[in-house]
*Asks:* 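Right, I'll just put the structure down here and ask away after.
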There are 2 protein chains.
Amino acid sequence: MSPQTGPPFGARLEQARRAMSVAGTDVLLLSLGADLPWLSGYEAMPLERLTMLVVPAAGTPVLVVPQLEAPRVMARPDVFTVRPWAESEDPVGLVATLVGGAVTTRAGRRPVLGVSDRTWATFVLRLQSLLPGFDWEVSSQVCAPLRAVKDDEEVATLARAAAAADRVAVALLSGEIALIGRTEREVSAEVRRRLLAEGHERANFSIVASGPNSASPHHEPTGRVIGRGEPVVCDFGGTLDGYCSDMTRTVVTGEPSAELRRVYETVAEAQRAGVAAATVGTACQEVDRAARRVIEEAGYGRYFVHRTGHGIGLEEHEGPYMVEGNTEVLRTGHAFSVEPGIYVPGEHGVRIEDIVVACEDGPRALNVADHSLVVVEA
Amino acid sequence: MSPQTGPPFGARLEQARRAMSVAGTDVLLLSLGADLPWLSGYEAMPLERLTMLVVPAAGTPVLVVPQLEAPRVMARPDVFTVRPWAESEDPVGLVATLVGGAVTTRAGRRPVLGVSDRTWATFVLRLQSLLPGFDWEVSSQVCAPLRAVKDDEEVATLARAAAAADRVAVALLSGEIALIGRTEREVSAEVRRRLLAEGHERANFSIVASGPNSASPHHEPTGRVIGRGEPVVCDFGGTLDGYCSDMTRTVVTGEPSAELRRVYETVAEAQRAGVAAATVGTACQEVDRAARRVIEEAGYGRYFVHRTGHGIGLEEHEGPYMVEGNTEVLRTGHAFSVEPGIYVPGEHGVRIEDIVVACEDGPRALNVADHSLVVVEA
């Protein structure tokens with residue numbers, strides 16, 4: 001987000017309204033998640049006090065926001081007006097009234113409201129009780145395809161976030177971050193600190209999974225002390241200028257077994273194959289298939305228990321998803337992870353992950369830290 | 001949570017089922033938020049892959065969890081069984097099937113499902129489409145009153161979290177954390193680091209609001225450089241052994257104006273009055289009134305724009321709320337914040353916050369860092 005220009009919120013609103021018209025969505029109700037900051041620059045706090053942008057098909061959107069958060073709202077008079085609510089007011093009733101005023105119910109068709117995917121159930125249920133004549137869908141049906149295509153500024157920001165994460169990865173691979181004799185939790189905390197030190201405004205997650213724990217893809221770091229000759233899966237990311245980083249490297253603390261080495265090389269080859277397949281015009285599921293084929297042919301198919309990747313941007317996980325069944329075609333500006341893994345329960349696991357952008361001239365990996373098997377002795 | 005005994009999940013399940021029976025709730029569907037960890041010890045990850053505990057009125061609850069997170073689940077055979085779902089399965093359909101198998105629709109009454117307050121809209125809407133004959137409510141209607149009353153172990157954990165936050169507050173009040181010449185963002189990052197260093201497993205938030213920014217109660221730390229003679233509102237908290245800390249101190253960087261001193265003393269007196277009012281048997285709104293009265297009588301009533309407090313436990317904000325209109329009566333073991341403030345737009349703001357537990361022998365403040373006006377020179 002260059003301070004000279006800033007994100008093109010006005011143009012995004014126009015895009016969203018064209019998509020609403022095509023989808024038959026009458027009003028967007030944007031709360032938690034990234035549709036709201038993508039459209040307005042403002043991010044709702046995940047609190048029991050409702051923040052919601054009411055976006056009708058025409059007319060200026062209205063941001064309903066708790067009075068005590070209103071001073072944080074940067075005015076965007078071209079995009080929305082602000083309606084703060086006091087502690088004694090009912091914000092859900094306020095939103096319902098705004099919706100009622102914006103929608104002309106047409107004969108023979110129930111009006112459709114698109115609510116942010118992550119809006120809390122407590123607000124959805126209360127809105128539904130106040131707006132019984134409406135059909136509901138998630139706002140991502142309108143916004144996700146628009147958000148998935150990153151413009152040049154957004155790609156540049158994702159690249160800065162990836163470079164910051166890469167510097168943490170280099171510290172891991174070089175042995176600068178000690179592993180042996182420390183607990184997973186200690187290493188995880190150091191990775192979080194370094195994500196911040198490298199320029200992220202937020203450290204979002206830091207998986208450190210050692211030894212047999214590496215076979216758990218979403219392992220929660222424990223007090224387990226890291227030993228010698230073990231794989232350590234480190235999967236971490238943060239937010240930098242609003243955009244997410246997310247990368248994984250697996251290092252080994254001392255000479256690995258022949259079997260672990262074979263697993264590693266298989267994952268590395270699968271990861272290269274996934275990236276190579278990620279060309280503009282290719283269906284997302286083909287990226288998954290390209291990576292999976294390598295792992296299946298090596299005989300580890302049943303140990304690759306997750307999809308190959310997810311889109312990334314303002315959110316860690318967003319469209320497009322690199323998963324079997326997703327026939328959506330990659331477009332220029334799609335940004336996503338390629339992260340195959342092999343997880344043998346009770347034994348070991350390996351994952352390698354980069355963020356990749358589909359570009360006119362081929363896939364561009366934003367993460368460049370070493371992919372080869374690195375043995376650290378510290 | 002003593003490692004000898006652990007939380008009494010079995011007893012909590014019984015409590016919840018008695019409350020379900022009273023409320024007429026047929027099945028609880030627990031996902032994001034604290035009802036799930038309170039009942040099971042397992043916390044759902046805020047991801048697009050659904051995790052949901054299906055709790056019928058009778059029979060063993062079933063935890064529907066992504067396969068790649070299943071290795072993280074600690075078995076609680078007395079409380080729930082685990083049903084991992086693979087990437088190619090539809091977890092929402094799985095939950096709907098479990099609900100259908102558990103509920104005997106009785107004549108003349110639509111069955112009622114209680115879904116976690118923070119469940120994402122995307123899951124609520126899809127569940128509703130698969131379960132059209134059901135009424136929906138939030139699970140907090142069943143669980144919140146139970147969770148609000150902390151047992152001795154929980155109070156002890158909240159006290160440890162408060163003590164860790166207090167140590168960070170002491171570093172602020174003693175000048176150990178430098179303020180003058182640094183940006184709000186730098187100080188905020190240091191506070192987060194210290195929350196972790198003092199024993200929190202997670203730093204949840206760290207508001208640093210200086211000079212005129214202090215008039216914004218939920219200010220997002222900026223690049224503003226802190227100057228001399230300014231109020232700096234520092235409101236921070238983390239999670240320690242699963243339970244939250246949350247406290248606020250306002251320090252002044254050099255001799256304050258007489259007006260700022262008067263504002264400070266008013267807030268401090270209001271905070272004392274709020275704590276003193278928080279006795280077992282008192283309605284929550286009386287705590288708010290006691291604090292508000294002091295501020296109103298000093299002529300600042302219109303500048304106290306939020307409620308006086310919120311419950312705290314596994315979540316930063318939970319019941320009971322210290323707010324006008326809440327006639328709920330304080331019970332032994334209720335834990336909550338008392339945090340009045342005065343915010344004069346464009347000028348300055350002051351807030352002081354402690355966590356307090358209602359005990360048989362009177363209110364017990366868990367935070368004890370100095371409440372008097374502290375002038376720091378660094």
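Each chain gets a letter, A, B and so on, in the order the sequences are listed, and its residues count up from 1. These numbers were taken from a predicted model, which means no experiment stands behind them.
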*Asks:* Measure the CE-CD distance between B:Met45 and A:Glu220 for me, rounded to the nearest 0.5 Å.
*Replies:* 7.0 Å
*Asks:* So which residue, A:Arg193, A:Arg126, A:Arg307, A:Glu69, ends up with the most heavy-atom pairs under 4.5 Å with chain B?
*Replies:* A:Arg307
*Asks:* Mind checking the CZ-CG spacing from B:Phe123 to A:Asp117? Nearest 0.5 Å is all I need.
*Replies:* 9.0 Å
*Asks:* Could you please spell out the steps behind the side chain to side chain contact (heavy atoms under 4.5 Å, CB included) verdict for A:Arg72 and B:Asn213?
*Replies:* CA-CA 9 Å; A:Arg72 300 171 67 231; B:Asn213 290 345; over 6 Å; no
*Asks:* Which atoms of A:Ser116 come close to chain B, meaning under 4.5 Å heavy atom to heavy atom: side chain ones, backbone ones, both, or neither?
*Replies:* backbone
*Asks:* Would you sort out whether A:Leu47 and B:His218 count as a side chain to side chain contact (heavy atoms under 4.5 Å, CB included), showing the intermediate values?
*Replies:* CA-CA 11 Å; A:Leu47 291 178; B:His218 275 186; 3.6 Å; yes
*Asks:* Heavy-atom distance under 4.5 Å to chain B: side chain of A:Glu201, backbone, both or neither?
*Replies:* neither
*Asks:* Given the options B:Ala121, B:Pro71, B:Ala86, which has more heavy-atom pairs under 4.5 Å with chain A than any of the others?
*Replies:* B:Ala121
*Asks:* Quick check on the interface: out of A:Leu125, A:Leu196, A:Val115, who has the most heavy-atom pairs with chain B under 4.5 Å?
*Replies:* A:Leu125
*Asks:* Looking just at side-chain N and O atoms, do B:His306 and A:Glu87 make a donor-acceptor pair shorter than 3.5 Å?
*Replies:* no
*Asks:* Using non-hydrogen atoms and a 4.5 Å limit, figure out which bit of A:Arg185 sits close to chain B: side chain, backbone, both or neither.
*Replies:* neither
*Asks:* Please classify the contact of A:Tyr321 with chain B as side chain, backbone, both or neither, using a heavy-atom distance under 4.5 Å.
*Replies:* side chain
*Asks:* Any chance you could measure A:Tyr343, atom OH, to B:Leu68, atom CG, to the nearest 0.5 Å?
*Replies:* 7.5 Å
*Asks:* To the closest 0.5 Å, what do you measure between CD (A:Glu48) and CD (B:Glu318)?
*Replies:* 10.5 Å
*Asks:* Using side-chain contact (heavy atoms from CB on, under 4.5 Å) as the criterion, point out the one residue from A:Val138, A:Thr119, A:Val124 that pairs with B:Thr122.
*Replies:* A:Val138
*Asks:* Which atoms of B:Glu315 come close to chain A, meaning under 4.5 Å heavy atom to heavy atom: side chain ones, backbone ones, both, or neither?
*Replies:* neither
